[in-house]
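These numbers come from the heavy atoms of this one structure, side chains and all, not from hydrogens, waters or symmetry mates. Numbered from 1 within each chain, the chains take letters A, B, ... in sequence-line order.
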Amino acid sequence: MDYLKELNPAQRAAVENTEGPSMVIAGAGSGKTRVLTYRIAHLINKGADPFTILALTFTNKAAREMKERISLLIGGTEARNIWMGTFHSIFARILRIESEKLNYPSNFSIYDTTDSKNLIKAIIKEMGLDDKMYKPGYVLNRISSAKNSLISAKAYAQHPEITADDETSGRPKMALIYREYNLRLFKSSAMDFDDLLYKTNVLLRDFPETLHKYQHKFKYIMVDEYQDTNFSQYLIVKKLAALNENLCVVGDDAQSIYGFRGANIENILNFKKDYPDYGLYKLEQNYRSTKNIVAAANSIIAKNRNQIEKKVWTDNGSGELIRVVRSLSDNDEGLFVSNDIFSNQAETGDAYRDYAILYRTNSQSRAMEEGLRKLNIPYRIYGGQSFYQRKEIKDILAYYRLTANPHDEESFKRVVNYPARGIGKTTLEKMAVAADAAKVSLWSVITENLDSLPVNAGTRKKLDEFAVMIKSFRAEAEKTDAASAAEHIAKSAGLLRELYADKSPEGLSRYENVQELLGGIREFAENEENTADGEKPKLADFLVDVALLTDADQEDGDDNKVNLMTIHASKGLEFGHVYIVGLEENLFPSQLSLSERSELEEERRLFYVALTRAEKRAVLSYAMSRYRYGQLNHCEPSRFIEEIEPDFLDMPELRSARPHRERFDSFDETPWGGGSSPFGKSGYTRNTSPQKSEPRRPTPAPPTSGGKQLKRVTQARTQGAPDADTGSSSADIVTGARVEHAKFGKGKVLNVEGEKATVFFPSVGQKQLLLKFAKLKVLA
DNA sequence: TTAGTTCGGGTTTTT
DNA sequence: CCCGAACTAA
């Protein structure tokens with residue numbers, strides 16, 4: 001029991017009180033994972049059977065890491081038997097066991113978001129609805145929210161408020177789409193992500209003996225990241241825990257960032273209603289970050305209204321102030337951050353893997369990547385387009401899925417004519433009509449009713465050949481292991497040949513990706529953990545989990561690389577040095593969150609999460625202009641920067657000058673700084689400014705004191721590659737010069753300020769252009 | 001039926 | 001700017 005000594009009193013209480021309901025409120029960096037792992041280890045040490053422990057985590061990766069840590073604590077291989085995983089993967093597993101109760105085969109497919117959207121798209125088309133009104137993404141969101149609130153298609157159609165909503169928004173057919181969508185999923189023997197939870201609820205509701213079975217089985221239940229659970233998940237947990245009530249939920253309301261996906265903070269706030277005699281444990285000591293970071297984070301989260309009272313504190317040193325830096329553009333931001341990592345790394349000797357760049361949206365990674373590449377800094381991007389989302393991977397997996405479950409409509413449609421075998425749109429439409437009329441799957445149409453399909457003999461033959469091929473794959477997959485079957489199918493279907501033929505760089509990378517997938521399957525097949533009764537796993541076994549894997553679940557490797565990811569993806573991680581980039585209004589907080597207080601608060605929690613990832617150093621960065629839809633936009637610094645107690649910030653540039661005597665706000669009409677604006681001690685410039693709620697920030701101050709920031713930016717630029725070829729050197733572009741622009745035609749330069757020029761074009765009027773991007777040709 | 005091209009529309013976050 | 005979808009030519 002030595003390990004108990006490694007815990008502080010609060011942690012230890014949470015670990016030792018294993019009986020009865022308890023809630024652990026764990027501040028950022030307070031050793032939440034430690035508590036969970038020690039608690040489970042403790043249970044096992046006290047004699048609990050690992051098979052009776054259910055631990056629900058947010059990601060597969062979290063589950064895997066926790067298992068490893070538990071193994072280290074208790075030794076042996078027992079940890080392997082704990083039921084630990086994400087809600088989705090654990091209940092998919094249970095649903096496969098109990099599938100026949102729900103009239104599903106155990107090898108049902110799992111549709112990912114893309115599959116779901118495609119299906120909805122097809123339905124909307126078949127119903128002859130306007131796809132501008134009924135956007136697949138919107139429709140899926142709506143259905144998803146319904147499912148996560150356990151509202152069936154029938155209940156949806158009868159719900160007065162919901163239908164009224166749909167009516168007024170001009171989408172009266174929503175309920176019908178929902179019904180048809182479910183029907184089609186069922187016909188395909190498929191479930192979408194939300195079904196995995198929804199159907200589990202149905203199972204536990206309609207089959208009391210099954211509920212009892214699992215209530216008895218799971219004597220101890222633990223839920224990580226409880227603040228991110230939705231109603232559907234909440235109810236599953238409540239039902240399963242009802243018998244023993246040995247339920248321990250762990251979370252932090254301040255880190256709830258999945259509200260958009262139906263997560264419900266109320267679950268945390270309401271815990272005491274369901275379990276009045278619960279034990280409450282607050283972990284408030286932060287072991288991760290410096291005092292400055294903890295205090296800054298506290299000051300930010302204090303702006304939120306709804307929260308459980310707690311005070312996170314730390315014994316760690318004060319550390320550096322949090323630096324705030326500004327760049328001219330998104331590209332400059334990339335250069336600055338890379339440069340700063342480069343010099344800081346050289347100075348501290350810390351490993352590259354100790355650095356993270358966090359952003360709000362995936363699209364921001366590009367500018368960062370470019371900067372890092374220029375300095376030859378190794379980096380790794382998490383998320384973005386997940387490996388499993390890539391077209392070539394989805395294609396090959398569709399073959400595997402179809403092999404395991406030929407009724408899978410989305411997989412069928414994806415591969416029936418890939419590689420091209422002359423089965424085109426027209427044929428597919430006829431098949432869809434036939435399938436709908438007979439209320440069967442597309443597969444049934446070509447295997448059972450092919451003769452009645454109104455197509456010519458040639459097409460019929462092609463369809464039959466396709467069916468024969470898939471059947472042969474099924475036979476192959478039955479008798480050999482996953483790796484051999486996977487390779488056989490990839491080859492026989494003509495996929496590998498197709499990809500190999502493409503010698504373009506993208507084609508090459510697609511081929512490599514497929515090889516990587518095959519390698520992964522080989523590894524899976526050789527892994528002893530997956531062998532059952534001395535037999536190597538089958539292809540179907542590989543497919544069970546693959547739909548639920550995401551990029552974040554891929555092996556980390558020991559690569560020493562700078563980490564790039566969205567803030568969402570960074571949850572639960574920590575890094576010595578954290579750069580939070582793109583801190584601009586409308587980006588972070590996102591434009592879409594500004595209308596509602598609750599959503600703005602979620603953005604703020606997101607910022608809190610980002611900041612609390614940092615151990616010793618945090619840098620906040622924003623740019624003054626950024627490309628969006630290929631267009632340059634002016635940006636304002638994020639309100640979150642202002643919301644931090646200034647005592648914890650090192651923010652020279654907000655008090656000092658912008659580079660040169662630049663004046664970005666175009667209200668100022670004076671061409672070039674004749675009066676050289678005396679540090680806009682408000683009053684001068686405020687006239688036209690369309691003030692928002694916030695007071696206007698004091699405009700630029702003396703050029704001289706801006707040295708620090710200025711130097712960084714320019715240095716970044718010079719250290720990067722020499723200016724991209726703009727046709728003519730930017731030196732020629734001076735005030736008064738006549739220039740030509742590809743789009744706007746001829747114009748006259750009114751003003752040049754550093755990177756930026758104001759040019760007048762007779763065609764479109766006055767334009768602000770960044771010299772680096774606008775390929776201006778200087779006319780004699 | 002397919003391949004190649006233009007066109008229009010879209011970026012929040014993910015199991 | 002980048003992608004997919006619709007459109008157009010073989």
So what does [X] touch, heavy atoms closer than 4.0 Å: a base, only the sugar-phosphate, or nothing?
{"X": "A:Asp112", "result": "nothing"}
{"X": "A:Glu603", "result": "base"}
{"X": "A:Lys125", "result": "nothing"}
{"X": "A:Thr86", "result": "sugar-phosphate"}
{"X": "A:Lys135", "result": "sugar-phosphate"}

It should be established whether [X] places a side-chain nitrogen or oxygen under 4.0 Å from OP1 or OP2 of nucleotide [N].
{"X": "A:Asn148", "N": "B:dT15", "answer": "no"}
{"X": "A:Asn230", "N": "B:dT15", "answer": "no"}
{"X": "A:Asn362", "N": "B:dT13", "answer": "yes"}
{"X": "A:Ser363", "N": "C:dC1", "answer": "no"}
{"X": "A:Lys121", "N": "C:dA5", "answer": "yes"}

Practice item. Find out whether the Lys NZ or Arg CZ of A:Arg605 is both under 6.0 angstrom from the six-membered ring centre of A:Tyr608 and within 45° of the ring's axis. Key: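 No.
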Nearest to the side chain of [X], which nucleotide is it out of [options]?
{"X": "A:Thr427", "options": "B:dT1, B:dT13, B:dT15", "answer": "B:dT1"}
{"X": "A:Leu592", "options": "B:dT12, B:dT14, B:dT1", "answer": "B:dT12"}
{"X": "A:Ser590", "options": "B:dT12, B:dT14, C:dA5", "answer": "B:dT12"}
{"X": "A:Thr426", "options": "B:dT13, B:dT15, B:dT1", "answer": "B:dT1"}
{"X": "A:Tyr258", "options": "B:dT15, B:dT14, B:dT2", "answer": "B:dT14"}
{"X": "A:Arg360", "options": "B:dT12, B:dT2, B:dT15", "answer": "B:dT12"}
{"X": "A:Thr361", "options": "B:dT13, B:dT2, B:dT15", "answer": "B:dT13"}
{"X": "A:Thr113", "options": "B:dT15, B:dT12, C:dA5", "answer": "B:dT15"}
{"X": "A:Ala420", "options": "B:dT2, B:dT15, B:dT14", "answer": "B:dT2"}
{"X": "A:Glu599", "options": "B:dT15, B:dT12, B:dT14", "answer": "B:dT12"}

For the pair made of [atom1] in [X] and [atom2] in [N], what is the distance, rounded to whole Å?
{"X": "A:Asp228", "N": "B:dT15", "atom1": "CG", "atom2": "P", "value": "12 Å"}
{"X": "A:Ile90", "N": "B:dT15", "atom1": "CD1", "atom2": "C1'", "value": "14 Å"}
{"X": "A:Asn264", "N": "B:dT15", "atom1": "CG", "atom2": "P", "value": "20 Å"}
{"X": "A:Tyr627", "N": "C:dC1", "atom1": "OH", "atom2": "C1'", "value": "10 Å"}
{"X": "A:Lys462", "N": "B:dT1", "atom1": "NZ", "atom2": "C1'", "value": "8 Å"}
{"X": "A:Glu225", "N": "B:dT14", "atom1": "CD", "atom2": "C1'", "value": "13 Å"}
{"X": "A:Arg421", "N": "B:dT2", "atom1": "CZ", "atom2": "C1'", "value": "15 Å"}
{"X": "A:His568", "N": "B:dT12", "atom1": "NE2", "atom2": "P", "value": "12 Å"}

**Study point:** A:Thr59 (side chain) and B:dT15 (base): donor-acceptor pair under 3.5 Å
**Key:**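 Check fails, no donor-acceptor contact within cut-off.
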Check your understanding: Under the 5.5 Å and 30° test, is A:Phe87 stacked on the base of B:dT15?
Key ->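 So A:Phe87 does not count as stacking on the base.
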Review point. Start at the 5' end of DNA chain B and walk down; is the nucleotide closest to A:Asp194 or to A:Lys132 reached first?
Key: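 Between the two, 5'-proximity favours A:Lys132.
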Check your understanding: Quick one: on DNA chain B, does A:Phe193 or A:Gly424 contact a more 5' nucleotide (nearest heavy atom)?
Key ->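 Its nearest nucleotide lies further toward 5', so the answer is A:Gly424.
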**Study point:** Cationic N near anionic O, under 4.0 Å, A:Glu410 to A:Arg414
**Key:**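 Looking at A:Glu410 and A:Arg414, the cut-off is not met.
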Review point. Are the charged groups of A:Glu126 and A:Arg184 less than 4.0 angstrom apart, N to O?
Key: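 Looking at A:Arg184 together with A:Glu126, the answer is yes, because their closest N to O distance falls below 4.0 Å.
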Point to revise | Nearest-angstrom distance, C1' atom, B:dT13 to C:dG4 | key: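 So the two C1' atoms sit 22 Å from each other.
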Practice item. Report yes if the distance between the aromatic ring centroids of A:Tyr111 and A:Tyr181 is under 6.0 Å, otherwise no. Key: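 Centroid distance A:Tyr111-A:Tyr181: not below 6.0 Å, so no.
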Check your understanding: Is there a donor-acceptor contact under 3.5 Å linking the side chains of A:Asn182 and A:Lys147?
Key ->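 A donor-acceptor contact under 3.5 Å links the two side chains.
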Review point. Counting distance only, does the side-chain N/O of A:Asp224 pair as donor-acceptor with the main-chain N or O of A:Leu36 below 3.5 Å?
Key: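 Pair absent, no side-chain N/O of A:Asp224 close to backbone of A:Leu36.
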**Study point:** A:Ile94 and its side-chain contact (heavy atoms from CB on, under 4.5 Å) partner, picked from A:Leu196, A:Thr200, A:Ile236, A:Leu203
**Key:**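 With A:Ile94 as partner, side-chain contact (heavy atoms from CB on, under 4.5 Å) holds for just one option, A:Leu203.
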